[in-house]
There are 2 protein chains.
Amino acid sequence: MDTPRVESSLVSVDVLALRFDPDARVVLLGIATRAHDPFAGARALPGVLLGRGERLRDAAVRAVTGKLGVAGDAVTAVGQLITFDEPSRDPRGPTLSVALWATVASGRHEGPRWVPLDQVPPLAFDHSRIVADCRPLLRDRLWRDPAFTAGLLGPEFTTAQALDVTEALTGDRPYPANLGRTMDRVPGLKRTARHAAALPKGGRPPLVWRWDPTP
Amino acid sequence: MDTPRVESSLVSVDVLALRFDPDARVVLLGIATRAHDPFAGARALPGVLLGRGERLRDAAVRAVTGKLGVAGDAVTAVGQLITFDEPSRDPRGPTLSVALWATVASGRHEGPRWVPLDQVPPLAFDHSRIVADCRPLLRDRLWRDPAFTAGLLGPEFTTAQALDVTEALTGDRPYPANLGRTMDRVPGLKRTARHAAALPKGGRPPLVWRWDPTP
DNA sequence: ACAAAAGTGTTGTCCTTACACCCATGT
DNA sequence: ACATGGGTGTAAGGACAACACTTTTGT
């Protein structure tokens, strides 16, 4: 039989944790400062070694809570991206890295641990490459993957916030009218009759959108 | 520091090996018969344990050559699909499974090891679920991922073959005219002036398409 | 009144699907 | 001749982008 001699690579889970800050109107990426030996003091994606028998999503939550100080129930959704397998990506030895995304509820988590998506500093290991490779996948998920979108924007949000998030992920700001029609075609997403307060600088009060209780 | 105590799950690589048979006009999935203990004698996807420091694509080639008897240079392309992490998916203990696709050049590989994509028998482990989950991803790759498409169809192919492959992967056969326009928009794919022989039953000789030497 | 920003309606451009018709081959 | 099946042209529908114009707020 296949001798189960343990000569596999180790498996780590590295998380692209995204959070929308409605005040600053930007999407932030969670960045951890490494406490230990390889690249100690440098910035990196929050990551953990996958425990034996541990689910990937559980490891991702463990990374985000442990390395970013986020409450466990603030992690609203998790999903897979790509697996990176360059054997030399970790100086300690060959380590597989499963990249996951996680969305974190907007709330008070101040500190230097979150940086705008388009101002990510150089990161340890191959994490800069991971971010670069995964960014287009995140963009494609917006408005197509309801779990991702709802996780990022919350159960209720305004058109203005939807515009901000779309701009942060795609790089340019859509016309409000066109984004509204896009959202009309997202299953489970409905316009409400309510309007939110206008922005500090004025302008028309934006519509409030809501996810359907469930079909 | 993070003690590198090896308590990770093992990592296996399971391959959805695809081959186009131009004579039978179907796309085949490579199926292995298990020689060893768990599920011995049952059918399963070709898979191997990932070696320490081994690249995923190398492991995939090893699985296809070792378990399906395919020559190494007949593997024309390899790519990632999804990683499966149910801890109980392997009775020997928690094992991560990275699902990969691989395309195999059309040639003489007779035997019961290849089955049409829509006649896949029940498989060992969670491999039936893997096939079911990955099938839509394979469909999306056709005509979008040039490596996948070229790997499956080869450097030169006819419209008739393109129709067969598309039907096998998507479930219905497009109109030849529409598929031609789709292929016109695939970067690197060009119509040639040549026509191939008509089918045995007659009909107009189909156009020959070719991939660009490279840009 | 003015600026700012969301909402409405309209238009044009793709891409996709569909189908009527023509063309080249085998029997 | 006729069936088979690819190739050509054309047209309807939806998705998407762009923009003129209107509405509702803050200053």
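Throughout, protein chains are lettered first and strands after them, A, B, ... in sequence-line order, and every chain is numbered starting at 1.
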Tell me: CZ of A/Arg173 to C1' of C/dA6, nearest whole Å?
10 Å
Going by the angle between their ring planes, with limits at 30° and 60°, are A/Trp143 and A/Phe157 parallel, tilted or perpendicular?
tilted
Whole-Å distance separating the OH atom of B/Tyr175 from the C1' atom of C/dC22:
17 Å
Report yes or no: do A/Thr76 and A/Thr103 form a side-chain donor-acceptor pair below 3.5 Å?
yes
Round to the nearest Å and state the distance from A/Gln161 atom CD to C/dA6 atom C1'.
14 Å
So, B/Ser106 side chain and B/Phe20 main chain: donor-acceptor pair closer than 3.5 Å or not?
yes
Just by distance, do the side chain of A/Ser97 and the backbone of A/Phe84 share a donor-acceptor pair under 3.5 Å?
no
For A/Leu199 and C/dA3, give me the distance from atom CG to atom P, rounded to whole Å.
18 Å
Please determine, for the side chain of A/Lys201, which listed nucleotide (C/dT25, D/dG6, C/dA5) has the closest atom?
C/dA5
Short of 4.0 Å, heavy atom to strand atom, which residues of residues 179-190 of chain A count as contacting DNA chain C?
A/Arg181
Would you indicate, yes or no, if D/dG6 has its OP1 or OP2 atom less than 4.0 angstrom from a side-chain nitrogen or oxygen of B/Thr158?
no
Between B/Gln80 (side chain) and A/Thr83 (backbone), is there a donor-acceptor pair under 3.5 Å?
yes
Select from A/Leu163 and B/Ala177 the residue whose nearest nucleotide in DNA chain C is closer to the 5' end of that strand.
A/Leu163
For the pair made of CZ in B/Arg204 and P in C/dA24, what is the distance, rounded to whole Å?
6 Å
Starting from P on D/dG6, measure out to NE2 on B/His195 and report it in whole angstrom.
13 Å
A/Pro174 near the nucleic acid: base, sugar-phosphate alone, or nothing, with a heavy-atom cut-off under 4.0 Å?
nothing
Starting at atom CH2 of A/Trp143, determine the distance to atom P of D/dA15, rounded to an integer number of angstrom.
17 Å
Short N-O contact, A/Arg57 and B/Asp85, less than 4.0 angstrom:
no
Nucleotide of D/dG6, C/dG7, D/dT8 approaching B/Arg191 most closely (side-chain heavy atoms):
D/dT8
Are the charged groups of B/Asp14 and B/Lys67 less than 4.0 angstrom apart, N to O?
no
Any donor and acceptor pair, going by atom type alone, linking the side chain of B/Asp126 with main-chain N or O of B/Arg129 inside 3.5 Å?
no
Heavy-atom nearest nucleotide on DNA chain D for A/Gly203 versus B/Pro206: which residue maps closer to 5'?
B/Pro206
What does the inter-axis angle of the helix from C/dA1-D/dT27 to C/dT27-D/dA1 come out as, five pairs per end, nearest 10 degrees?
10°
Donor-acceptor pair, side chain of A/Ser128 and main chain of A/Ala124, under 3.5 angstrom
no
Let me know the distance between CG of B/Asn178 and P of D/dG9, rounded to the nearest Å.
14 Å
Could you tell me whether the side chain of B/Arg62 and the main chain of B/Leu49 form a donor-acceptor pair under 3.5 Å?
yes
Classify B/Ala197 by what it touches in the nucleic acid, base, sugar-phosphate, or nothing, heavy-atom distance under 4.0 Å.
nothing
